[in-house]
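Here the structure is a predicted model, which is why all the values come from computation and not from measurement.
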Amino acid sequence: MAKSPAGKKPPSARLPVADRPPAAPARLKDVADHAGVHISTASRALDPLKERRISPDVAEKVKASARALGYQGNVIAASLRRRRSHTVGVVVPDLTNPMFPPMFRGIEDRLQQIGYSALLTNSDFNLEREWQLLDMFIKRQVDGLILATARLDDPIVRAALERGMEIVLMNRSTAGTAVPAILADEPAGIREAFDHLHDLGHRRIAHIAGPQDVSTGRTRREAFAAVAASHGLEAGPRNVVIAGQFSEEAGRRAALHLLESGFAPTGIVAANDALALGVYDALDELNLACPGDVSVTGFNDMPFVDKLKPALTSVRIPQYRMGYEAADELVARLDDPARPVARRILPPKLIIRDSTGPVRQSA
DNA sequence: ATTCTCCGGTCATCAAACCC
DNA sequence: GGGTTTGATGACCGGAGAAT
């Protein structure tokens with residue numbers, strides 16, 4: 001494939017540079033001309049990483065010209081050459097879940113430090129939608145992905161990895177494949193919630209588990225079983241009910257099923273706050289008091305659960321920090337793709353409020 | 001149908017100018 | 001002589017649209 005010889009340049013059919021409209025945004029060339037330096041020099045002077053190689057006088061002159069012309073730079077053009085879009089795609093399963101805004105703030109704050117921005121999207125728990133989003137992110141040439149949607153076996157994650165995309169999982173992990181992830185120490189969180197109920201005298205403790213095809217649902221259920229066993233208590237079909245989704249409605253149905261069975265729990269460990277809300281609904285319907293008849297704990301401590309009646313006792317996970325660390329890990333991987341796959345585990349903390357109380361003596 | 005040009009900026013590289 | 005700064009050049013990125 002020989003290159004055609006360079007040579008004649010036919011007159012451009014497009015708008016000649018000299019005829020650019022006066023309002024057209026300043027280009028680097030304009031800044032260079034204004035400062036009386038070469039475009040290469042202007043480029044170096046405005047690049048923080050290369051500024052050292054330019055004399056202070058010249059650098060200041062170029063910067064002054066950039067200010068005078070209102071030069072903003074052209075990120076698209078730079079991305080084209082550098083093959084970096086300086087953009088990161090973020091997918092969360094449910095934007096209406098108040099847990100995610102703090103996470104996104106953390107992501108934004110970390111990315112902003114290196115001049116990156118994030119595209120936030122919502123999958124609505126829908127696999128087809130996730131394929132569309134992956135497609136869109138590929139077309140937009142994002143430099144990496146932060147996913148809060150991972151399933152234990154996730155075709156999206158596999159497809160993205162096969163394309164060589166940099167991914168960091170947030171809040172959820174996959175089984176098998178090693179993928180960088182930022183997670184809460186869920187077993188520790190479940191143990192705190194269980195022990196709290198146990199300390200209050202509860203012995204008939206049940207678990208509303210989340211979907212078992214995602215790590216948060218599976219891990220928390222397994223942790224519940226382990227803690228129950230360590231106390232010599234049961235964790236079987238009678239007191240562990242699996243909700244199909246992490247939603248209030250799924251929690252309500254699971255709780256009704258549980259409360260109308262023979263187990264008659266005095267304490268319920270819900271696998272997340274949305275499920276705990278559903279437990280509240282079920283208790284209302286059955287005219288049971290919380291915490292008088294049944295104590296309830298949630299997980300995630302999402303914003304506003306302290307405003308519920310009764311205020312929800314919940315396992316707090318550091319949401320902002322989780323987002324911040326996810327972005328931080330992604331940034332590190334963009335710098336060094338050969339970096340070993342890391343999992344960062346963040347400590348949870350039980351926040352005790354009004355939804356848990358001593359077991360009723362007659363119970 | 002294929003090739004070329006263009007957009008704006010970056011990069012690598014070499015050459016020239018300058019200073020100590 | 002040797003190091004630093006600046007200029008010059010051409011390739012390049014991806015896709016649209018013009019030219020051939």
Please tell me whether [X] and [Y] have a donor and an acceptor in their side chains that are separated by less than 3.5 angstrom.
X	Y	value
A:Ser55	A:Asp57	no
A:Tyr116	A:Asp143	yes
A:Thr313	A:Thr356	yes
A:Ser314	A:Asp273	yes

Of the nucleotides C:dT6, B:dG9, C:dG14, which has the atom closest to the A:Arg83 side chain? C:dG14
So which nucleotide from B:dG9, C:dA8, C:dT6 ends up closest to the side chain of A:His38? C:dA8
Once each nucleotide of nucleotides 11-20 of chain B is scored for protein heavy atoms under 4.0 Å, what B/S/- sequence comes out, 5' to 3'? S-B-------
To the nearest Å, how far apart are [X] [atom1] and [N] [atom2]?
X	N	atom1	atom2	answer
A:Arg140	C:dG15	CZ	P	14 Å
A:Asp30	B:dG9	CG	P	8 Å
A:Asp33	B:dG9	CG	P	12 Å
A:Leu80	C:dA16	CG	P	13 Å
A:Gln141	C:dG14	CD	P	7 Å
A:Ile54	B:dT10	CD1	P	13 Å
A:Arg84	B:dG8	CZ	P	24 Å
A:Ile76	B:dG9	CD1	C1'	12 Å

Excluding sequence neighbours, so at least two apart, what forms salt bridge (Lys or Arg N to Asp or Glu O under 4.0 Å) with A:Asp195? A:Arg191
Both A:Ile39 and A:Asp57 contact DNA chain C. Taking the nearest nucleotide for each, which residue is further toward the 5' end? A:Asp57
Less than 4.0 angstrom between a side-chain N/O of A:Tyr71 and OP1 or OP2 of B:dG9, yes or no? yes
same_hphob_cluster(A:Ile345, A:Met99) at 4.5 Å side-chain heavy-atom cutoff: no
Which donor-acceptor pairs under 3.5 Å do side chains of residues 297-306 of chain A form with protein atoms, sequence neighbours excluded?
from     : atom 1 : to       : atom 2 : distance (Å)
A:Asp301 : OD1    : A:Arg353 : NH1    : 3.0
A:Asp301 : OD1    : A:Arg353 : NH2    : 3.1
A:Asp301 : OD2    : A:Arg316 : NE     : 2.7
A:Asp301 : OD2    : A:Arg316 : NH2    : 3.0

Enter the inter-axis angle for the ends of the helix from B:dA1-C:dT20 to B:dC20-C:dG1 (five pairs per end, rounded to 10°). 50°
Please list all pairs meeting salt bridge (charged side-chain N to carboxylate O under 4.0 Å, His left out) that have one or both residues in residues 217-228 of chain A, counting only residues at least two apart or in different chains. A:Glu186-A:Arg220
Quick one: side-chain contact (heavy atoms from CB on, under 4.5 Å) partners of A:Asn239, sequence neighbours excluded? A:Ala206, A:Phe224, A:Glu234, A:Phe263
